[in-house]
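Notes follow the structure.
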Amino acid sequence: MSSIQDNYTTEELRFLDLMAQKFPTISDAATEIVNLEAIMNLPKGTEHFLTDLHGEFKAFQHVLKNASGVIRQKVEEIFGHTLREAEKRELCTLIYYPEEKLELVKRQEKDINDWYHITMNQLVEVCRNVSTKYTRSKVKKALPEDFAYVIQELLHESGSRDMVNKQDYFNAILQSIISVGAADEFIAAISHVIQRLTIDRLHIIGDIFDRGPGPHIILDTLLKYHNFDIQWGNHDILWMGAAAGNSASIANVLRISARYANLDVLENGYGINLLPLARFAMETYGEDPCKKLYPRMLQSNRLDERDARLTAQMHKAIAVIQFKLEGQLIEKHPEYEMEKRRLLHRMDFERGEIELDGKRYKLNDVNFPTVDPANPYELSADEQEVMQQLRMSFRNSEKLQKHIRLLYNKGSLYLVLNSNLMYHASIPMTAQGGFKPVKICGKVLSGRDLLDKVDRLAREAYFGEKDTETHDQALDYMWYLWCGTDSPLFDKDKMATFENYFIDDKEAGKEHKGFYYHHMEDPQACAMILSSFGLEPSASHIISGHIPVKSGKGESPIKAGGRLLMIDGGFSKAYQAQTGIAGYTLIYNSHGLQLVQHQPFESRRKAIEEGRDIISTKFVVETLLSRITVRDTTCGKELQRQVDELKRLLVAYRSGVIKERK
């Protein structure tokens, strides 16, 4: 007769032996199975989706604090008929901004101890409500060290059936907190716990950078956030390329920062030395009014006339450098098939015209003192020196490199999680609706294979061994990902920066989207995409951003019968005139999907002093007949795999194949 061990391969025995080191007895393995099974029966945690933040840190921080209205919804569920509207609003504001709101309350309340007692009772009730879908272990990890034991006791007692018998104990804890002068600290602590437990995971679907005044503040906020991921957008990949040392990407970052009067982000946020560029711009374009390149100024970035003119001169200086550097890259990489985007040699300085696609256009500016008609893409000596200093400054910015490493560590080109496929922009497609074959690094790839390759190239550009052929190729490709026709992050026929700057004829500056955007309303095309990523089309969604949805003109973010959700609704103030709103966010909880449409965030001061929350409207995208449990999630599938392995270990223990360790 063969032994029981004959039923196991050598690899299986080795794996079971490794598991036995962690679970050395039958009791240990059985207990872990019970724990995992219990976790899988808990309701799924709430996911929060945001996209196209574009540096709008104030609105971002508020939406993070109020969880796109989820906290207000919880307060309504708990106190709907027991508190007045003003009281519920005050409680929500306290949860969002506890430290600032407490200062106001203490100036206004006559009996502060009574207020403390009532408010702490309310906060404990809200905290208990948002903690019920988590294990006690997970809740414990979310608690601040100073109040961990006290909050655990209050949460446990407030939800116990014998609360009547322990009411004195409960009240005594609260009274002790007040009497020792720790009420403010406790209220702040439990408010932050509520914020943390309300959202289990945050998804940022691209474009943290550019346009708005605080992308660095957003990233500083994310550094402290408990659980999040990022899908890179085209503006993120541009900054990633710049931080890796790609000169064309650096020039683009500077140009966009100048265009939106956000040079402070570079100078004060990241310590980038802009003096060499400013000096060069004043010397080269000092007599040039640069009227066409005056920065686009929003309320948050007003400049006086002198600073606006200098910014315009820097804008023009770096734009010309950018066009030269891009022309060099296009010539170096004919496989990019972007020869038509080399425009400087097509200018006729005598006539003040340029020829594009067989048509001549009048230029609104012919003052290009550094462009040599005989060699238009060569940087002048001064331009070379400026770029050398800028490149060094980008590479040596400690804070920028820290933020870019965060983008790599927490980010990817796409993510498949909990029946959702997340990517920022698109997947290149053909006119017929199939995946477009794209030549990349000598190979022809499409669909998911293309995105996987792009993800690896982006990492090679930053982490790869410097001055090698593969690294240089990847670094150059980072610029292509920003503006290349077949880039899944861009997917247009061209980026018409030159035309929009220097040609008044609007026809020249038109950009045409790729075929993906023709098919995104087609349920069959979306089903094909979802299937290619291993998802069941009828029960899954594509979630993306990139193209602002013009809600004011009747456009809907819900595409293809609900299979695709495009949630860029104008978080960036620069887009709000087009979209008519101030962005969409998405909430996915155990009951289904909710799309949240936001009006502009007024100010932090009004939010604190007047309880002015962002006015939001919720739309139910999908309601489920039964609640989603952890078992139904991506994490649940992993937990089930662990349970199956542990059961295999139990069989091995009981059959004597593996011996207990103690």
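Quick note: residue numbers are just sequence positions, from 1. Note that the coordinates shown come from a computational prediction; the quantities given were computed from them, not determined experimentally.
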Steps toward salt bridge (Lys or Arg N to Asp or Glu O under 4.0 Å) verdict (Glu521, Lys559):
CA-CA 5 Å; Glu521 293 275 13; Lys559 313 287 185 184; 3.6 Å; yes
Taking the side chain as everything from C-beta on, heavy atoms only, tell me whether [X] gets closer than 4.5 Å to [Y].
X      : Y      : value
Asp365 : Asp288 : yes
Leu222 : Leu219 : yes
Leu565 : Leu593 : yes
Asp52  : Ile205 : no
Tyr423 : Leu489 : no
Leu406 : Phe228 : yes
Asp236 : His424 : no
Phe49  : Met422 : yes

Examine distances only and state if a side-chain atom of [X] and a backbone atom of [Y] form a donor-acceptor pair shorter than 3.5 Å.
X      : Y      : value
Lys324 : Glu378 : yes
Lys362 : Arg351 : yes
Asn262 : Gly212 : yes
Lys436 : Gly514 : no
Gln231 : Leu415 : no
Gln313 : Ala281 : no
His519 : Thr430 : yes
Asn418 : Thr634 : yes
Asn234 : Asp207 : no
Ser397 : Phe394 : no

Heavy-atom pair with the smallest gap, counting every atom of [X] and [Y]:
X      : Y      : value
Leu310 : Ala278 : CD1-O, 4.2 Å
Pro213 : Glu56  : CD-OE1, 4.2 Å
Asp568 : Thr51  : N-CG2, 3.7 Å
Ala258 : Pro295 : O-CB, 3.3 Å
Ser544 : Leu564 : OG-CD2, 4.2 Å

Do the side-chain N and O atoms of [X] and [Y] include a donor-acceptor pair separated by under 3.5 angstrom?
X      : Y      : result
Ser68  : His48  : yes
Tyr377 : His345 : yes
His541 : Tyr588 : no
Asp210 : His54  : no

Pairs in or reaching into residues 328-345: which pass salt bridge (charged side-chain N to carboxylate O under 4.0 Å, His left out), with residues at least two apart or in two chains?
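Pairs touching residues 328-345 that pass the test: Glu331-Arg342, Lys332-Asp476, Glu339-Arg342, Lys340-Asp357, Arg341-Glu499.
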Passes side-chain contact (heavy atoms from CB on, under 4.5 Å), Leu238 versus Ile256? Steps please.
CA-CA 11 Å; Leu238 180 66; Ile256 295 169; 3.8 Å; yes
is_close_aromatic([X], [Y]), centroid dist under 6.0 Å:
X      : Y      : answer
Tyr270 : His403 : yes
Phe368 : Phe502 : yes
His216 : Phe57  : no
His235 : Phe209 : no

Would you say [atom1] of [X] has more than 12 non-hydrogen atoms from neighbouring residues, nucleotides or ligands within 6.0 angstrom?
X      : atom1 : result
Lys506 : NZ    : no
Gln384 : CD    : yes
Lys58  : NZ    : no

Look at the aromatic rings of Trp479 and Tyr336 and report parallel, tilted or perpendicular, splitting at 30° and 60°.
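Rings of Trp479 and Tyr336: tilted, 30 to 60°.
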Name the atoms and distances for all side-chain donor-acceptor pairs under 3.5 Å in residues 407-414, with sequence neighbours left out.
| unit_1 | atom_1 | unit_2 | atom_2 | d |
| --- | --- | --- | --- | --- |
| Tyr408 | OH | Ala458 | O | 2.7 |
| Asn409 | ND2 | Arg405 | O | 3.2 |
| Ser412 | OG | Tyr414 | O | 2.8 |
| Tyr414 | OH | Arg448 | NE | 3.0 |
| Tyr414 | OH | Asp452 | OD1 | 2.6 |

Member of Val366, Ile503, Asp348 meeting the side chain to side chain contact (heavy atoms under 4.5 Å, CB included) criterion with Ile354
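Testing each of Val366, Ile503, Asp348 against Ile354, the sole residue satisfying side chain to side chain contact (heavy atoms under 4.5 Å, CB included) is Ile503.
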Say you draw a straight line from [atom1] of [X] to [atom2] of [Y]; how long is it, rounded to the nearest 0.5 Å?
X      : Y      : atom1 : atom2 : result
Ile250 : Leu390 : CD1   : CG    : 7.0 Å
Asp382 : Thr370 : CG    : OG1   : 9.5 Å
Leu475 : Tyr462 : CG    : OH    : 12.0 Å
Leu451 : Arg456 : CG    : CZ    : 11.0 Å

Derivation and outcome, side-chain contact (heavy atoms from CB on, under 4.5 Å), residues Lys316 and Asn367
CA-CA 10 Å; Lys316 185 170 185 179; Asn367 183 34; 3.8 Å; yes
Would you mind checking if [Y] and [X] are paired as a salt bridge, meaning a charged N to carboxylate O distance below 4.0 Å?
X      : Y      : value
Asp455 : Arg459 : yes
Asp504 : Lys292 : yes
Glu47  : Arg201 : no

side-chain contact (heavy atoms from CB on, under 4.5 Å), that's the test. Do Leu202 and Leu64 meet it? Break it down for me.
CA-CA 9 Å; Leu202 173 68; Leu64 217 58; 3.6 Å; yes
Any pair with a residue in residues 240-257 that passes side-chain hydrogen bond (donor to acceptor under 3.5 Å, both in side chains), sequence neighbours left out, goes on the list, sorted by first then second residue, please.
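For residues 240-257, and leaving out neighbouring residues, the side-chain hydrogen bond (donor to acceptor under 3.5 Å, both in side chains) pairs sorted by first residue read Asn246-Ser249, Asn252-Arg255, Asn252-Gln322, Asn252-Glu326, Asn252-Trp482, Arg255-Gln322, Arg255-Tyr501.
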Take Phe349 and Val371, measure what side-chain contact (heavy atoms from CB on, under 4.5 Å) needs, and give me the verdict at the end.
CA-CA 10 Å; Phe349 287 99; Val371 177; 4.0 Å; yes
Of Lys359, Arg360, Arg346, the residue whose pairing with Glu353 passes salt bridge (charged side-chain N to carboxylate O under 4.0 Å, His left out):
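Going through Lys359, Arg360, Arg346 one by one, the salt bridge (charged side-chain N to carboxylate O under 4.0 Å, His left out) with Glu353 is satisfied by Arg360 alone.
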